[in-house]
Amino acid sequence: MKKLSDVLSRYFASVPDFVRERRVMVWLLLVGITVFAILGFPRVKFDLSTDGWFKDDDPVKVALDDFKAEFGSDDGIYIVYKPKDGNLFSPQSLEAVKSLCDDIISARAEIKEEEKSPLGHVVRVTSLATANFLEAKDDLLISRSLVGASVPTSQEELDAMRKTAQAQKKFELAYYSKDMAYGGILIQTDFGAIPEDFEEPGDDDSEPADDVLVMNEMTMETDMDATGEKVRFKPTETQDYHALMTEINTYLNNPKYADHLEFHPVGNAVQSIYDGEIMAQLGLLYLSMVAIMIVLLWIIFRSLSGVVWPVVVIIIATIWIMGFTGWLGVTTSFYVMLTVMMLLAMGMADTIHVMSEYMYYRNQNEDHRTALRNTYRKVAFACLLTTFTTMIGFLALSVSPIVHIKVFGFMTAAGVFLELLFTVYILPLMLDIWSPVKKKKASGAKASFIPNFSNFLQNRLDGIIPIVERRPMTITGIFIVILALCFIGASKVKVSFDMMENYDKESVLRHSYEHVDKHMMGTQNMEIFLDLGEEYAFQDPFVLTTIDKLQDLIERKYSNYTLRTESLADVVKDANQKLNESREEMYVIPESQSVVSQTLFMFNNANPSDRRKLVSDNYSKSHITVNLRNTDAASYQGMFDLMQRDIDEMVAGLKEKYPDTKVTLTGTLAMMMKASVYISESTGGSLAFAIVAITITLLIVFGSFKAGAIAIIPNLIPSILTYSLLGWLGIPLDMNTLLIGPIIIGVAVDDTIHFITHYRSEVVIDGNVKRALKAAVSEAGQAVTFTTLVLGIGFGILSLATGPISNAGKLGALAIFTGLLCDLFLLPAMILLFKPTFQSKEVVQTEDILNENMLNENLLLKEEEVVK
Amino acid sequence: MKTKPTITILGLIVFLAASFNLSAQSARDIMIKYDKVSKEASFSLFQQTKLMTCKYTIQQGKMRAAEKPRVSVLEMVSEDDGVDNKDSRSVSMVIEPARDKGISMLTYTYAAPEKDDDNWVYLPALGKVKRLVSSSEGSDESASFFGSEFSVEDMTSRKIDDYTYKLVEQADYANRPVWVLELLPTPERAKKSMYGKAVLWIDKERFIILRQDLYDRNGLLFKRLTASNIEQIDKVWVARKAEMNNLLTRRVTIMELISIAYNIEVPEGFLTQRTLTDFAYREKILGQLRSNLQ
């Protein structure tokens, strides 16, 4: 290891001269690649939807794709409205709803062919006023909308209309609330339902298209080898959602409708507007973070170039990461803002080390070139090592099966690496152009503005080791107890999250969701997807009756969460009733299969697209939709487990007659439950990965098992502390809080590495552990405190964000500061107790010791300078 | 001197306008001619048709059935009716599959744009005739024709005044000279139709539509009808095979003509509700009609 560090240190020392000789090429490359990266920005894809959590081949995603392939997408906008006159059936309310729906439909119909209007995604707009239903009068079956061409004005007609609406069971909770105070408008879109390889044939119209010829050659009856290749659907971009919702909002804000109705829209498209706001808020936090970092840099370096170059390095690294993400076609999420913020905090450390070292040498009256050479010889290896451990922390997150977290881990790790690369290869050239002015002494005027923390801090730091010396056992004991408490707390952690918690509790969106949950059909759903493996099985009264019973059971047993259920059984019952003079007692599944078959024939002929949404063409696959209230994953868990048992029982019944029956669960509830499992399973894995990888690194660096163990323990506490606080405070482990553990361990260990490096260089001089500890704390303490401050602020800023990301910020900041305490108290105490050698036996050559000594001496000096 | 270019430009505009008008006029004329030829070719018919519908996938650029096709066989009797034979009456009955056998639909269509068509359906398992009324205005889909990818709208002939026409080009298609026409529904028609545009390839000599591209209201091509196996039967050019490909739902229906007879004598009163419910009467007449088939 020593040899490696020497080789690398020598190499890094040569880097400034190496790049200087090729400065034109290096600058051209940097500018060229940066421009290339910027060109990749428009390609950056955001996916903030629940589907995006899962890989394409994840069973829950496969189930969803199968579901969409069979029944189409239900990705629309649902608008709950409240008439201001309190009456859904007043002429004004009906008129407003009808004209809103009509106006959107007409606007869509008037889109010119060459126009690209977001309204083009609208497929259907239905509401009380426009939804079709089947009405039976004597021998007449009328498929019509409730209101028709014009809204009636007489009270009699309006009352009759209300009664008709109430008789439509499928209208309840979809188009009106139970208390008739709220109505619903459903805007169906084609989002997520356009096959990926769907291509609109161009003007190649002179000859028959190939597919037609092939189709003609094919004998459809005999071609049974078809594999039924899966259809993939074009994912919907957040931008598309945003554009459509912006357009719809112009309608909702129009006084023509808004004067009569109060709107509460929900759906992915609606969320995209608020997602934009959250991103903007995080952007603002980022800018304030940049401002704080600039102030901190100014305090350390008192030089404009000392502020500008670190910031430029960080920004270019961020540009590259974003641009390459775009070019690689990787889909990003909310976490991209977190990546950007982490890169700012992490990038500071490397550049500060280099800049302060460089300024130290310049202050020693070295010329620019020599100072650079010495700087890189001294710091670059340490930076490489700390960057490596930090990367491990982020890469550990890629263990997670949740795509957004995986991408965040990779992106941030790559970004941290780029920052090191720029610090080593670009920063020397930057300093060639413009370096911090050598200052003999700080001007009196400036000094008076900035209080001198340094002395104060140094006094406190110097007092630490005497305390530790007196009671190393007690201090170790205290920390061990804390660690034990952390483990106990961590064992109490519950996984949970709420789909809505990213949004401010007071936001209009949250209120809209509450309205839909409280008055209408709810904002979450589960799809029970049944494949009976036999044609026309869903025309069997036995099957429909079984489904009907299950629906009844779910609605009764889980009424706390379930608002309504819907299936083919409901359609059959409704059509049967309509075909039998609307007699109440005929709202049942007919006993004869041929009656069911012909009832469904009617339904299919009248409304093929509705039929397609419910049951496959050959009646072998269908689904039961369960609409639910939104709540957190933990609350759903118990119900979900029980409900699964009920479903399994039903399937067992069906299997007696249809042995090939298969059931899969999809929809938002199933995805939430799956994500819960992933969170609880992968969190431990990520943390274990980080701990093991970093421990191995430390073992290699410090050359002994004891040393490695002593180095890792102070870093376990901050990391496990975050989980234990979640446990003790009852904060759930979610998509955001799970990130903290591995990241913290990767970041906190940097300080330990610095501290031990200093200690090691001191202890080899005379073998005096106490003196070496004092020197290490006294000299490295300030630098370590400073970087802790930078990172603490980095995480702390996040705590100002809306939603659960704020928890991650608070816990992260707390853990970072705890890490400092562990390094200052626990690490020395353990060193006193266990006296590790931090090197491989006594075989270290004197020369090596001297080299090391010199290297570390310089590190110390540099860090002193950092604080000064 | 200055007037000359102005005159030239004006002249050009007039010329362009005239030629535009000519193309519009001739496109409409082509449709009128097409309509006339199809009307005059026969006043009544009896046919047996097979419908095969399935989902398909595209593998290596080729269409493949993704499942076992669903097959049904229909018998249809149709006769022109009303003033100048512009209206029509027809009855369609399911022969296969056994499950649906006997399901029948009686349809009266009217040339007058203001008059909605009449539909009755008979479901033997329920023993009931139901008259179907659809307030098509604002409705966004046309009913399916016996569960196939053909919609009832696809099966109904277009009314000339419901569209504006443009001759896109004259070309060769499937080795036949064709006119390619673009049809846009009038605003009134657009409300009732599920299509925002149709492009037709009409055989110049046989006056038969070889292909139709049907666009939805957003201008997205979503259905394509292709006619093939064209033969002359009873002096009428007819496609024995028509394929309706729904590009969006990836489903296709192939309609195959099993046999057909034109200009048959349809007994008075056959195209009424009695045919739907009176099994013995229907079978007796159908027996007579079947003897005309070739």
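Here is how names work: the chains are called A, B, and so on, in the same order as the sequence lines, proteins then strands, and each is numbered from 1. From a predicted model like this one, the values you see are computed outputs, not experimental measurements.
- Residues B/Ser104 and B/Val94 form no side-chain contact, since every pair of their non-hydrogen atoms from C-beta on lies 4.5 Å or further apart.
- No part of A/Gln593 comes within reach of chain B, as not one of its non-hydrogen atoms sits under 4.5 angstrom from that chain.
- With 3.5 Å as the limit, one finds a donor-acceptor pair spanning the side chains of B/Lys204 and B/Gln170.
- Contact of B/Pro124 with chain A is made through backbone and side chain together, with heavy-atom distances under 4.5 Å.
- A/Gln539 and A/Ser597 are linked by a side-chain donor-acceptor pair at a separation below 3.5 angstrom, with hydrogens and angles left out of the test.
- Using a 4.5 Å cut-off between heavy atoms, B/Lys130 touches chain A through backbone and side chain atoms alike.
- The part of B/Arg70 that comes within reach of chain A is its side chain, from C-beta onward, which places non-hydrogen atoms under 4.5 angstrom from that chain.
- Looking at B/Arg282 and B/Glu75, no side-chain N of the basic residue comes within less than 4.0 Å of a carboxylate O on the acidic one, giving no salt bridge.
- Contact tally against chain A (heavy-atom pairs below 4.5 Å) for B/Leu126, B/Val178, B/Ile103, B/Val168: the top residue is B/Ile103.
- The parts of A/Ser594 that come within reach of chain B are both its backbone and its side chain, each placing non-hydrogen atoms under 4.5 angstrom from that chain.
- Looking at A/Asn580, the atoms closer than 4.5 Å to chain B (heavy atoms on both sides) sit in the backbone and in the side chain alike.
- Within the 4.5 angstrom heavy-atom criterion, no atom of A/Gln188 approaches chain B.
- When heavy atoms are compared at a cutoff of 4.5 Å, B/Val121 approaches chain A solely by way of its side chain, counted from C-beta outward.
- With 3.5 Å as the limit, one finds no donor-acceptor pair spanning the side chains of B/Glu243 and B/Ser228.
- Neither side chain, B/Tyr215 nor B/Lys223, offers a donor N or O lying under 3.5 Å from an acceptor on the other.
- Of all the listed residues (A/Thr599, A/Asp617, A/Val595), the one sharing the greatest number of non-hydrogen pairs under 4.5 Å with chain B is A/Asp617.
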Quiz item: Yes or no on side-chain contact (heavy atoms from CB on, under 4.5 Å) for B/Val180 and B/Leu167, after CA distance, side-chain angles and deciding distance?
Solution: CA-CA 6 Å; B/Val180 182; B/Leu167 178 60; 5.8 Å; no
